[in-house]
Colleague: 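Here's a structure for you.
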Amino acid sequence: MNSKDIQSVIALMERHGVATFDYEHGTTQLHLTVGADAHDAAPASPDPAAMADPETIRSPGVGIVLYAHPANAGPVPALPRKAAKGEVVAYIKTGLTLRAVLATKDCRLQRALVADGTGVGYGEALLEVAP
């Protein structure tokens, strides 16, 4: 992502009333905040994994939970199943943006605590896990 791309993203954010934008690709991370309070904005909220009950995986943001990528024509993966640390186990869809929900440790995903396609809040428990 170059400066022209960033300027385009900022213009889109302002046009559509989007207050924050997070971008991650490889080792590149970008966090944009737009609006009247952008200069006084508080630092990003703590990682929900840090707040998480060790037996759940929690939402990293607000949106609609999806247990499979929308471009994947296949069914939602069945539970229970194993997941490796860092593996994408769900997505949070906010507008046109998808944010990956990652397994915080090697675990077994026991059951979904929220149905696929349901609205969730930041830090809400999504999946019950076992070691």
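Here the structure is a predicted model, which means the values were calculated and not measured. Just so you know, residue 1 is the first one in the sequence shown, and it goes up from there.
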Colleague: Taking it one step at a time, do Thr56 and Leu126 satisfy side chain to side chain contact (heavy atoms under 4.5 Å, CB included)?
Modeller: CA-CA 7 Å; Thr56 62; Leu126 302 176; over 6 Å; no

Colleague: So do Val120 and Val65 actually touch side chain to side chain, heavy atoms under 4.5 Å?
Modeller: yes

Colleague: Please report the interatomic distance CD1(Ile57) to CG(Leu109), rounded to the nearest 0.5 Å.
Modeller: 5.0 Å

Colleague: By the definition side-chain contact (heavy atoms from CB on, under 4.5 Å), identify the one residue from Val129, Leu127, Val89 that meets it with Cys107.
Modeller: Val129

Colleague: What residues form a side chain to side chain contact (heavy atoms under 4.5 Å, CB included) with Val62, not counting sequence neighbours?
Modeller: Tyr122

Colleague: Is it the case that the side chain of Gln7 and the backbone of Lys4 share a donor-acceptor pair, with hydrogens and angles ignored and the cut-off at 3.5 Å?
Modeller: no

Colleague: Determine which pairs satisfy salt bridge (charged side-chain N to carboxylate O under 4.0 Å, His left out) with at least one residue from residues 66-76, sequence neighbours left out, and list them in order.
Modeller: none

Colleague: Do Leu32 and Leu12 land in one hydrophobic cluster if side-chain heavy atoms of ILVMFWY residues count as linked below 4.5 Å?
Modeller: no

Colleague: Applying salt bridge (charged side-chain N to carboxylate O under 4.0 Å, His left out) as the test, list every pair that has at least one member in residues 59-78; sequence neighbours left out.
Modeller: none

Colleague: Scan residues 108-119 for pairs that pass side-chain hydrogen bond (donor to acceptor under 3.5 Å, both in side chains), counting only residues two or more places apart or in two chains.
Modeller: Arg111-Glu128

Colleague: With clusters defined by side-chain heavy atoms of hydrophobic residues (ILVMFWY) lying less than 4.5 Å apart, directly or transitively, does Val101 cluster with Val88?
Modeller: no

Colleague: For residues Pro77 and Ala68, report the shortest heavy-atom separation together with the two atoms involved.
Modeller: CD-CB, 4.2 Å

Colleague: Not counting sequence neighbours, list each pair that qualifies as a salt bridge (charged side-chain N to carboxylate O under 4.0 Å, His left out) and has a residue in residues 67-96.
Modeller: Arg81-Glu87

Colleague: To the nearest 0.5 Å, what is the distance between CD1 (Ile10) and CG (Asp5)?
Modeller: 11.0 Å

Colleague: Is there a path of hydrophobic side-chain contacts, each under 4.5 Å between heavy atoms, that joins Ile92 and Leu98?
Modeller: no

Colleague: For the residue pair Ala83 and Ala103, what are the closest heavy atoms and their distance?
Modeller: CB-CB, 4.2 Å

Colleague: Which residues pass the ring-ring contact (aromatic ring centres under 6.0 Å, His included) test with Tyr91, not counting sequence neighbours?
Modeller: His69

Colleague: Is it possible for you to say whether Leu66 and Leu102 belong to one hydrophobic cluster, with membership spreading through side-chain heavy-atom contacts below 4.5 Å?
Modeller: yes

